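One structure is given below, encoded as structure tokens.
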Amino acid sequence: MNQIMAQLNEKQRIEVKRQMDIYKQGVQDIIPTEELETKVAKSNLENSPLKIKLGLDPSAPDVHLGHTVVLNKLRQFQQNGHIIQLIIGDFTGKIGDPTGKSVARKQLTTEEVEHNAKTYFEQFGKIIDMEKVELHYNSKWLSKLNFEDVINLAGKITVARLLERDDFDERISTGKPVSLHEFFYPLMQGYDSVMLECDIELGGTDQHFNILMGRHYQEKFGKEKQVAMLMPLLEGLDGVEKMSKSKKNYIGIDEAPQDMYGKAMSIPDSLMTKYFELVTNFSPEELQRVKGEIKSEKMHPRDAKMLLAKTIVEMYHGEKAAETAEQYFITVFQQGTMPDEIPTVEWSGAAEVPVVDLIVELKMLTSKSEARRMIANRGVKINGEKVEDTNQLVSVEDGLVVQVGKRKFVRIKIG
């Protein structure tokens, strides 16, 4: 490292530091940090871009903010002129990544892989410049391996090393089956890095084992080893579980501006700094300023959350849509004395329902007679508007907010 740094002029040294400050922002672990700095310095010295890999098994094509943690980091590399390599696991996807799974993953068909990959590309284009991305399908090289090649590949890793994976160890210790083909998933992911001669591979912390396989196999094949950059997993709106569509605690990047803004306003205060760091396009300087103002209480938590919500909407829908969404929230929620955090209830009932029935079915009151009394006392609001008629029909739509009394609020999510 010292030899390479010694060859840099002052301008190049400043550029290396600038890039490193950006790349280290929000990262959970860099393995190893010194090699990343060496690669960045060498790239500047030789004026040659680094190759940054992200592997995808397109099994869940709806992209939410949790996925963008890695994509935002890719964008930072791309903005500095480096090459993004997206590896579509059309071969490995048919096996399924066993990471974090208590049972074997469903194997995808070729048609499912192609459909999901196309959906990914459309959504990724909101974050990175897809025209400048290298797209690779790993069937191009993996499908050409003969049985002797596979045996040679397997011979470069020990069973003991593979059993270090927590998910394999847990399943074996509890008597759950582990199929032999699942052991080949990390081998193939590592071989992808060999074929593409990646400099850096990005992924979540749950991909720690798989990404290190890239370093392992590059070394075994006499290649320069890639650096592993592991991004933290983003907790969802509940503040506990990892953001996931199945947990219904997510913000999708294709959601309507008002929905995105409203959901962002329900992010727990304790996670605001993490969200600013991982899902916004703030520079290191902007991030430090916001962090400082939140910590010193110079910025009120509500104002910080509104800045976060507006930033998120602007990133995916533009400035005008973000301003409209913010004004909608202020008008409907703040001026209507609604709280920042409103519990969400999934609705699978009729699209139009009497207000009395709606209140009872949402379990906001226990009986229709209570609901009628509350309406008569002007204690029920729909989207901030007081309900005057006990026979009123309500058109139930996504994001509808029902208020009963001063403290009971429910936001409806169409199931």
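Just so it is clear, the values below take in all heavy atoms, side chains as well, and ignore hydrogens, waters and symmetry mates. Quantities reported herein were computed from a predicted structural model and do not represent experimental measurements. One is the number of the first residue; the rest follow in order along the sequence.
Shown here are the side chain to side chain contact (heavy atoms under 4.5 Å, CB included) partners of N44, two or more places apart in sequence or in another chain: E15, V16, Q19, V40. A search for side chain to side chain donor-acceptor pair (under 3.5 Å) contacts involving D29 returns nothing, not counting sequence neighbours. Every side chain to side chain donor-acceptor pair (under 3.5 Å) that S246 has, sequence neighbours left out, goes to S244. Considering only residues two or more places apart in sequence or on other chains, Q25 meets the side chain to side chain contact (heavy atoms under 4.5 Å, CB included) condition with K73, Q76, E277, P284, L287. By the side chain to side chain contact (heavy atoms under 4.5 Å, CB included) test, M364 pairs with I359, L362, V402, V404, K408, V410, sequence neighbours left out. Residues forming a side chain to side chain donor-acceptor pair (under 3.5 Å) with K51 (at least two apart in sequence, or on another chain): none. For V394, the side chain to side chain contact (heavy atoms under 4.5 Å, CB included) partners at least two apart in sequence or on another chain are V355, L358, I382, Q392, L400.
Pairs of residues two or more places apart, or lying in two chains, that qualify as salt bridge (Lys or Arg N to Asp or Glu O under 4.0 Å) and include a residue from residues 119-129 are K126-D254. Listed by first then second residue, pairs satisfying ring-ring contact (aromatic ring centres under 6.0 Å, His included) with a partner in residues 227-255 number zero, not counting sequence neighbours. For residues 195-222, the set of pairs meeting the ring-ring contact (aromatic ring centres under 6.0 Å, His included) definition, not counting sequence neighbours, comprises Y191-F221. Sorted by first and then second residue, the pairs that involve residues 263-298 and meet ring-ring contact (aromatic ring centres under 6.0 Å, His included), not counting sequence neighbours, are F276-F282.
Residue K220 qualifies as open at atom NZ: its count of foreign heavy atoms under 6.0 Å is 12 or below. Counting heavy-atom neighbours within 6.0 Å of N47 CG, excluding the residue itself, gives a total of 12 or less. When the shell of 6.0 Å around CD of E148 is examined, it contains 12 or fewer heavy atoms from other residues, nucleotides or ligands. Heavy-atom neighbours of K42 NZ from other residues, nucleotides or ligands within 6.0 Å: at or below the threshold of 12. More than 12 heavy atoms of other residues, nucleotides or ligands sit less than 6.0 Å from atom NZ of K156. No more than 12 heavy atoms of other residues, nucleotides or ligands shown are found within 6.0 angstrom of CD on E297.
Shown are K53, K223, Q218; of these, the side-chain hydrogen bond (donor to acceptor under 3.5 Å, both in side chains) with S193 is made only by K53.
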message: Evaluate L54 against Q207 for side chain to side chain contact (heavy atoms under 4.5 Å, CB included), listing each step before the verdict.
response: CA-CA 11 Å; L54 176 65; Q207 289 292 314; over 6 Å; no
- prompt: Taking it one step at a time, do K263 and K413 satisfy side chain to side chain contact (heavy atoms under 4.5 Å, CB included)?
  reply: CA-CA 11 Å; K263 282 187 174 183; K413 172 69 176 177; 4.2 Å; yes
- request: Would you sort out whether V69 and V279 count as a side chain to side chain contact (heavy atoms under 4.5 Å, CB included), showing the intermediate values?
  value: CA-CA 6 Å; V69 172; V279 305; 4.3 Å; yes
- request: Verify salt bridge (Lys or Arg N to Asp or Glu O under 4.0 Å) between R171 and D167, making sure each step is shown before the conclusion.
  value: CA-CA 6 Å; R171 284 160 61 184; D167 35 31; over 6 Å; no
message: Could you walk me through whether K320 and E323 satisfy the salt bridge (Lys or Arg N to Asp or Glu O under 4.0 Å) test, starting with their C-alpha distance in whole Å, then the side-chain angles of each, then the deciding distance to 0.1 Å, before giving a yes or no?
response: CA-CA 5 Å; K320 185 176 180 180; E323 290 176 352; over 6 Å; no
task: Tell me, with the steps shown, if E182 and R165 meet salt bridge (Lys or Arg N to Asp or Glu O under 4.0 Å).
output: CA-CA 12 Å; E182 293 182 84; R165 288 182 63 124; over 6 Å; no
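In this structure, the side chain of Q7 engages the main chain of Q3 through a donor-acceptor pair within 3.5 Å. Within the 3.5 Å criterion, the main-chain N or O of G89 finds no donor-acceptor partner in the side chain of N138. For H317 (side chain) and Q258 (main-chain N/O), no donor-acceptor pair under 3.5 Å exists by modelled atom type. The backbone N or O of Q226 lies less than 3.5 Å from no partner atom in the side chain of D199, so there is not a single donor-acceptor pair. Side-chain N or O atoms of S395 include none that pairs as donor or acceptor with a backbone N or O of E352 at under 3.5 Å. For D303 (side chain) and M299 (main-chain N/O), no donor-acceptor pair under 3.5 Å exists by modelled atom type. Under a 3.5 Å cut-off, the side chain of D90 and the backbone N or O of S139 do form a donor-acceptor pair. No donor-acceptor pair under 3.5 Å is formed between the side chain of E35 and the backbone N or O of P32.
With rounding to the nearest 0.5 angstrom, the NZ atom of K305 is 10.5 Å from the CD1 atom of I294. In this structure, CD1 on I87 lies 6.0 Å from CG on D192, to the nearest 0.5 angstrom. Taking CD of Q78 as the reference point, atom CD1 of I83 lies at 10.5 Å (rounded to 0.5 Å). We find the CG-CD distance between L278 and E235 to be 9.0 Å, quoted to the nearest 0.5 Å. Going from atom CE of M265 over to atom CD of E326 covers 8.5 Å, rounded to the nearest 0.5 Å. Atom CE of M229 is separated from atom CZ of F77 by 4.5 Å, given to the nearest 0.5 angstrom.
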Just list the side-chain donor-acceptor pairs under 3.5 Å for residues 307-314, sequence neighbours left out, or say none.
residue, atom, partner, partner atom, Å
T311, OG1, L307, O, 2.7

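Taking the six-membered ring where the residue is Trp, H67 and Y120 present perpendicular rings, their angle passing 60° and hence far from 30°.
Between R289 and E293 there is a salt bridge, since at least one side-chain N of the basic residue sits less than 4.0 Å from a carboxylate O of the acidic one.
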